[in-house]
J.: 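Shown below is the structure under consideration.
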Amino acid sequence: MVAPMTEVDLRRLASLSVTKLHGVGDKKAKGLAKTEIHTLLDLLTHYPRKYLDRTKEAHIAELMEGEQASVLVTVENTTSRRIRGGKVMINSIVGDDSGSLTVTFFNQAWRERQLSAGRQAVIYGKVEIYRGRRQMTNPVVDLVGDKTGRIVPVYPQSEKAGLHSWDLAEWVGEALRRTLPPAGRGMLDPLPAYLLDEHDFVTRGAAFSGIHQPESTAEIAEARRRLVFDELFRLQLALVLRKRAIERTEIGLAHEVDGPLLNGFTKELPFDLTGAQRRAIDEIRRDLARPIPMHRLLQGDVGSGKTLVAVATMLAAVDGGHQAALMAPTEVLAEQHYAGIRRLLEGLTVEASGSLFAERPLRIELLSNRVASAERKRILSGLLTGEVDIAVGTHALIQDNVLFGSLGAVVIDEQHRFGVEQRAALRDRSYGDEVPDLLVMTATPIPRTAAMTVYGDLDVSVLDELPPGRTPIETRWVPAPGSLDQAPDDGGGDEGDADGLSAAEIAAALEELWDDVRGQIDEGRQVYVVCPLIDESEKLEVASADATFERLREVELDGYRVGLLHGRLTPAEKDQTMELFRTGHLDVLVATTVIEVGVDVPNATVMVILDAGRFGIAQLHQLRGRVGRGQHQSTCWLVGQVTTDDGGARLQALVDSTDGFELAEVDLDLRGEGTILGERQKGRNDLKLASLRRDRAAVAAARRAAIDLIDADPGLEAHEAMADELEIFLDTEDAEFLLKG
Ligand code: ADP
Ligand code: MG
């Protein structure tokens, strides 16, 4: 490899193979390839997993029995022997200046090779003392190699690939020597100078050196801050560029946003809009007035009043002589929307085309697979001629034979159930050339900064305020087994049971729960009981729901009218049961999570979720949202013994808060961004250091910076290095994928 003549940019690093580095033989090269490290860029962005500060490691002689400790040691010798059952036991004697320690592994024969005499390693585990000797069993081992620096980077290493942390440190060192001064001319910094200034960032070269070969922990932090921003900035640039490209190429409708329908509707409402609704409608009005198609996400908790915002959007389209469509993920939801919207818009009229001054009633139709074919024909023809103003429906709306005369606005409810293709498909159903405006609604809020990443191609409006007069749902957690016929574990262990209740206390809490349920029914209210979630098989889940149903009918809810709803029933059976519950002919609905989305029975005031520890925060919050929809005080009972701290924290979060946005933040804290980005996306994007959880402020800063830069220089013509870098990291497919959320 020749010292570069000009500043090295990432493209150049991406063109140089790691096999050119000293000490990368055939075998190591294979290991590198397996680890997806092919180029110097891959190598330099293979960041240390952690750092060891040698001055801070404990000494063996100081280790206390029972403590979790990490010590830096040198291996003295390692032996292996067979024990009963054909298993292998490895014993390694390791030491430091202060003493020695026995480390034992079971069934990890490869440790004998790993821990050969003379190797340096950091050992992390629980200290045991046996016959006066300190020892650890199956500790975590990081081989660090014989380094002399104070701070030693520890790289993610793969024993299988035959790569050790010290190999990586060595190669990274060589790569840096060759690209950074004095040997090379330094590393190109593509970030505009004003951003470096504004954020007081170190240069790119200093950042790579600081993350791999730090002199101090402060240097690591500064390096990380810079590299995190780079990752997020590239991502936001790609997202914002994509958004602007769509805005440039799609021709939309400039809607009438001050028309009689919309104005009349908001004026005639029997209540005031919430501040959040007013803000969202204003944002949407502004979008609708522009000839650029709207792409907006409306996030709002269950009950925050998204429907009104959707209706306002659709009326604006109708005001201008166009049509609107609302697509929901299930028949039940579509029917509910249809009924609700008809009620809201009762009595409204529109100008009848053809005859001046004549008016006709606003026409709303429901299109789902349940609509009989004669009726369907009539609706389809009305859509084409424009006589149908608003269509509400399911996937039936995006079938080939559906064509709107002039579709002006599209609303999609419960966005995560539909893919990007389906969003696009509905917008394609218009006969007109203009692309309809799009509003996507979700009742599963995600944190703002996460939304900027996952929905980077959408503008976001937030309904973070509930209409007045709601009584918050009271949530209680009973740490009993999720299955009703199972005896409770006596609490008090260290497994993270709620408060270590005794079996008798748990039984009393359950008694209180079913007392409350019976009391509510006696007052005329209704109750949901959600059965344990069984991922492995629907058959098992149905069997368990059946068992819960039988048990409740015979024991806890003997004498009450109990119905059962699960995924194996025919649609007709489901309908019938739902209808019985809706009309008050059932007191209790025992159900699997099929009721998760959208069912609206205001008289239902108790939600019992069995085995609640199995559900995620968002899902529990959704389920809880099925109650608290009428004027009566509602209660949600979470029944479940948890086995992890996280499980306990999840259920406690539900007890502590009814705010979906707050819960989304907790969820992000507990589970990380994987759940939001999805595993596939996480694996493919360029976020190696940045975390949507830890780096929230950086996400927002990067988004702002990306918008500013692209507003000032839409083609990135004055920022060629930046544009070039985007291409390296985000190939089209990735960028495309990121947009799917
Ligand atoms: P979401 O779809 O967001 O869950 P909805 O649009 O179904 O919520 O609204 C829930 C309930 O609140 C409906 O009964 C609706 O009529 C009522 N509502 C909506 N906005 C207001 C408001 N500003 N003031 C009072 N009630 C409202
Ligand atoms: Mg809704």
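As the structure lists them, so they are numbered: ligands from 1, and atoms in each ligand from 1.
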J.: For ligand 1, which atoms have a heavy atom of Asp272 less than 4.0 angstrom away?
T.: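 Counting atoms of ligand 1 from 1, those under 4.0 Å from Asp272 are 22 (C), 23 (N), 24 (N).
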
J.: Check the angle between the aromatic planes of His255 and His322 and answer parallel, tilted or perpendicular using the 30° and 60° thresholds.
T.: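 Answer is perpendicular, since the angle exceeds 60°.
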
J.: For Asp301, counting its heavy atoms only, list the atoms of ligand 1 lying under 4.0 Å from any of them.
T.: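 What qualifies from ligand 1 is 3 (O).
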
J.: Answer with yes or no whether the side chains of Glu331 and Ser368 bring together a donor and an acceptor at under 3.5 Å.
T.: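 The criterion, which ignores hydrogens and geometry beyond distance, is satisfied for Glu331 and Ser368.
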
J.: Can a donor-acceptor pair be found, under 3.5 Å and without considering hydrogens, that links the side chain of Gln277 to the backbone of Val309?
T.: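 Here the side-chain-to-backbone pair does not exist.
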
J.: Going by the order shown, which atoms of ligand 1 are within less than 4.0 Å of some heavy atom of Leu273?
T.: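 By the 4.0 Å cutoff, the relevant atoms are 23 (N).
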
J.: Which atoms from ligand 1 have a heavy atom of Ser304 less than 4.0 Å away?
T.: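 Counting atoms of ligand 1 from 1, those under 4.0 Å from Ser304 are 3 (O), 8 (O).
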
J.: Looking at Thr307, which atoms of ligand 1 are within less than 4.0 Å of one of its heavy atoms?
T.: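 Those atoms are 2 (O), 5 (P), 6 (O), 7 (O).
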
J.: Under 3.5 Å, is there a donor-acceptor pair between the side chain of Asp611 and the main chain of Arg614?
T.: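 The answer is no, because no donor-acceptor pair under 3.5 Å joins these two groups.
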
J.: For Leu308, take its heavy atoms, then give the atoms of ligand 1 lying under 4.0 Å from any of them.
T.: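 Contacts of ligand 1 toward Leu308, numbered from 1: 19 (C), 20 (N).
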
J.: Is there a heavy atom in Ala443 that sits closer than 4.0 Å to ligand 1?
T.: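 Heavy atoms of Ala443 never come under 4.0 Å of ligand 1.
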
J.: Indicate yes or no: does an N/O atom of Gly305 lie under 3.5 Å from an N/O atom of ligand 1?
T.: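 Such a contact does occur with ligand 1.
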
J.: Can you find a side-chain donor-acceptor pair between Arg476 and Thr635 that sits under 3.5 Å?
T.: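 Not at all, the side chains of Arg476 and Thr635 share no donor-acceptor pair under 3.5 Å.
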
J.: Before signing off on this row, confirm whether Arg629 and ligand 1 have an N or O atom pair separated by under 3.5 Å.
T.: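 No; every N/O pair is 3.5 Å or more apart.
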
J.: What I'd like to find out is whether the side chain of Asp437 reaches to under 4.5 Å of the side chain of Thr313, using heavy atoms alone.
T.: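 No, side chains not in contact.
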
J.: Do Thr605 and Gln520 have a side chain donor and acceptor closer than 3.5 Å?
T.: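 Looking only at side-chain atoms, Gln520 and Thr605 do form a donor-acceptor pair, the distance falling under 3.5 Å.
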
J.: Using a 4.0 Å cut-off to any heavy atom of Val302, which atoms of ligand 1 qualify?
T.: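 In order of number, 4 (O).
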
J.: Please report whether ligand 1 has a polar contact with Pro468, defined as an N or O pair separated by less than 3.5 Å (distance criterion only).
T.: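 It does not: no N or O of Pro468 is found under 3.5 Å from an N or O of ligand 1.
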
J.: Ignoring hydrogens and angles, tell me if any N or O in the side chain of Gln323 forms a donor-acceptor pair with the backbone of Ala391 under 3.5 Å.
T.: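 Judged by distance alone, no pair lies under 3.5 Å.
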
J.: Closer than 4.0 Å to some heavy atom of Thr274 - which atoms of ligand 1 meet that?
T.: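 Listed by number with element, the hits are 23 (N).
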
